[in-house]
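In what follows, a structure is listed as structure tokens, so that the remarks can point back to it.
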Amino acid sequence: MSNKPKILTALRPALFDQLFAQVQQERLRALGDVTMQAGAGNLTEAQLVALVGGQDIVITSWGTPTFSAAVLAAADRLKLIAHSAGSVKRLLPPTVFAAGRRVTHVAYSMSIPVAETTLALILLCLRNHHKIDRSFKDEGWAAARNMPPGGELAGSRVGVIGAGYTGRAVIRRLLGMDAEVWLCDPYVSEASAAELGVRKVALEPLMRECPIVTLQAPATSETYRMIGAQQLSWLVDGAIFINTARAHLVDETALLAELRTGRISAALDVFDQEPLPDDSPFRGLDNLIITPHIAAVTRQAYKRQGEITVDEVASYLSEGKLRFEVTRDMLETMA
């Protein structure tokens with residue numbers, strides 16, 4: 001009988017192959033006795049209950065059932081949950097952390113594409129390339145050339161709301177392009193803000209004085225609808241508003257009303273209702289760029305998720321250390 005730790009992959013096989021390159025699958029099998037989820041679909045709670053007994057480590061991802069009381073009761077040997085995706089809130093009730101169980105996740109791996117998407121959307125809005133492209137194709141060279149000139153990111157003041165993995169990745173890229181960055185995040189000290197190279201401010205001055213504002217905050221009870229009609233009214237005329245974080249943060253009705261005035265422009269990757277309905281009024285706005293919740297979706301990010309997951313399992317087994325550990329205390333303030 002093998003003395004290797006027992007590892008369960010609680011995600012559908014197609015997703016496992018998408019996230020875990022062959023070399024990572026081989027590394028994982030070298031680390032322990034791996035039980036693969038059978039069947040093409042997501043596990044049900046009952047199926048997870050049947051599988052989790054005797055497993056030391058469970059690898060989870062999108063579609064894995066919540067670790068309910070029934071799952072935890074069956075998880076007699078469970079020591080580590082390695083989540084090969086970002087947010088763990090849906091998956092893990094606080095009771096998961098009892099009995100010394102530990103948790104890690106790979107939110108960092110998705111911060112890179114989300115930050116790049118955010119930067120791209122800011123640049124598109126500044127230079128109106130989406131409008132120029134449409135004008136060029138519909139009306140020709142002269143019409144596109146005669147559109148008003150756009151602006152530059154260099155020297156512009158950008159307000160970043162939230163300094164988690166993604167917020168910090170956005171900040172680094174903005175500073176690399178010579179933007180001035182203001183930050184609103186109650187959990188970042190003045191000293192930490194200075195180390196990041198940003199100015200820490202409250203929400204109101206950020207919204208009033210930054211002509212570009214990007215949301216990177218997590219979905220928590222504190223951040224629910226933190227941007228409503230009043231906050232949007234603080235934006236200067238011609239401001240650019242970006243949300244590649246969570247729809248939870250914004251009063252969508254208020255944002256729609258503000259956009260309909262034509263006073264500001266925006267780019268949104270997230271919506272209250274997804275998929276966005278075909279008859280959504282957001283679809284008809286010329287001053288809005290919309291993408292279908294794909295800011296984090298790149299080939300590299302998928303494979304990095306698998307790589308980091310295996311790295312964390314290996315580090316845990318060899319040294320008992322986790323680079324991206326999630327603790328119970330973190331749940332209230334993280335995505």
Side-chain angles (χ1 to χ4, degrees), residues 1-109 302-331 334:
M1 186 174 180
S2 172
N3 291 322
K4 284 185 175 183
K6 297 189 179 299
I7 303 171
L8 170 67
T9 63
L11 61 160
R12 58 189 184 276
L15 180 57
F16 180 78
D17 288 337
Q18 185 177 39
L19 302 182
F20 293 79
Q22 188 61 39
V23 64
Q24 305 306 336
Q25 295 187 28
E26 292 171 0
R27 285 181 63 205
L28 192 63
R29 292 189 177 94
L31 291 169
D33 291 332
V34 177
T35 298
M36 297 289 295
Q37 172 188 323
N42 294 327
L43 289 175
T44 64
E45 179 185 1
Q47 288 171 326
L48 183 57
V49 167
L51 288 170
V52 75
Q55 301 293 330
D56 300 292
I57 297 169
V58 177
I59 294 175
T60 60
S61 193
W62 301 301
T64 304
T66 299
F67 277 67
S68 64
V71 172
L72 292 176
D76 54 335
R77 285 176 46 175
L78 181 62
K79 302 178 183 68
L80 173 67
I81 298 170
H83 189 52
S84 61
S87 176
V88 296
K89 284 184 177 180
R90 174 201 62 78
L91 190 71
L92 308 178
T95 49
V96 163
F97 297 91
R101 300 186 194 99
R102 297 173 70 183
V103 176
T104 185
H105 68 158
V106 298
Y108 167 78
S109 70
Y302 280 149
K303 295 308 181 189
R304 191 163 49 242
Q305 288 171 234
E307 180 179 6
I308 291 176
T309 300
V310 179
D311 285 347
E312 289 286 81
V313 170
S315 179
Y316 170 79
L317 291 174
S318 63
E319 304 177 75
K321 295 180 179 180
L322 294 169
R323 181 183 175 191
F324 300 108
E325 184 161 13
V326 176
T327 65
R328 179 173 178 165
D329 292 342
M330 293 168 63
L331 288 182
M334 69 187 299

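Nothing fancy with the numbering, it's 1 onward along the sequence. These figures come from a predicted structure and were not determined experimentally.
Rounded to the nearest 0.5 Å, atoms CG (Leu43) and CG (Leu11) are 8.5 Å apart. Here the straight-line distance linking atom CG of Leu92 with atom OG1 of Thr66 works out to 8.5 Å at 0.5 Å rounding. Separation of atoms CG (Leu80) and NE2 (His83) is listed at 13.0 Å; rounding is to 0.5 Å. Here the straight-line distance linking atom CD1 of Ile7 with atom CZ of Arg29 works out to 10.5 Å at 0.5 Å rounding. If you take OG on Ser87 and NE2 on His105, they are separated by 9.0 Å, rounding to the nearest 0.5 Å. Taking CE of Met36 as the reference point, atom CD1 of Ile59 lies at 9.0 Å (rounded to 0.5 Å).
Partners of Asp76 according to the side chain to side chain contact (heavy atoms under 4.5 Å, CB included) rule, which considers only residues two or more places apart in sequence or in another chain, do not exist here. Applying the side chain to side chain donor-acceptor pair (under 3.5 Å) criterion to Gln24, with sequence neighbours excluded, gives Arg27. Not counting sequence neighbours, Phe67 has no partner by the ring pair (Phe, Tyr, Trp, His ring centres under 6.0 Å) test. Contacts of Thr9 classified as side chain to side chain donor-acceptor pair (under 3.5 Å), with partners at least two apart in sequence or in another chain: none. Taking Ser84 as the reference, Ser61 meet the side chain to side chain donor-acceptor pair (under 3.5 Å) condition, with sequence neighbours excluded. Not a single side chain to side chain donor-acceptor pair (under 3.5 Å) links Thr64 to another residue, sequence neighbours left out. Annotation: ring pair (Phe, Tyr, Trp, His ring centres under 6.0 Å) contacts of Phe16 (sequence neighbours excluded): Phe20.
Applying the salt bridge (charged side-chain N to carboxylate O under 4.0 Å, His left out) rule to pairs touching residues 47-66 yields Asp56-Arg77, Asp56-Lys79, sequence neighbours excluded. Within the structure, ring pair (Phe, Tyr, Trp, His ring centres under 6.0 Å) contacts touching residues 84-104 (residues at least two apart or in different chains) do not occur. Every pair passing side-chain hydrogen bond (donor to acceptor under 3.5 Å, both in side chains) that includes a residue from residues 35-50 is listed here, sequence neighbours excluded: Arg12-Asn42, Thr44-Gln47, Glu45-Ser68. Listed by first then second residue, pairs satisfying side-chain hydrogen bond (donor to acceptor under 3.5 Å, both in side chains) with a partner in residues 90-104 read Arg102-Glu325, Thr104-Glu312, not counting sequence neighbours.
Of the candidates Leu48, Leu91, Thr309, Val103, Thr60 forms a side chain to side chain contact (heavy atoms under 4.5 Å, CB included) with just one, namely Leu91.
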For residues 315-322, please give each side-chain donor-acceptor pair under 3.5 Å, one per line with the distance, not counting sequence neighbours.
residue : atom : partner : partner atom : Å
Ser315  : OG   : Lys321  : O            : 2.9
Ser318  : OG   : Ala314  : O            : 3.0
Ser318  : OG   : Ser315  : O            : 3.4

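The aromatic rings of Trp62 and Tyr302 lie perpendicular to each other, with more than 60° between the two planes, well past the 30° mark.
When all heavy atoms of Leu31 and Pro5 are compared, the pair lying nearest together is O-CG, 3.4 Å.
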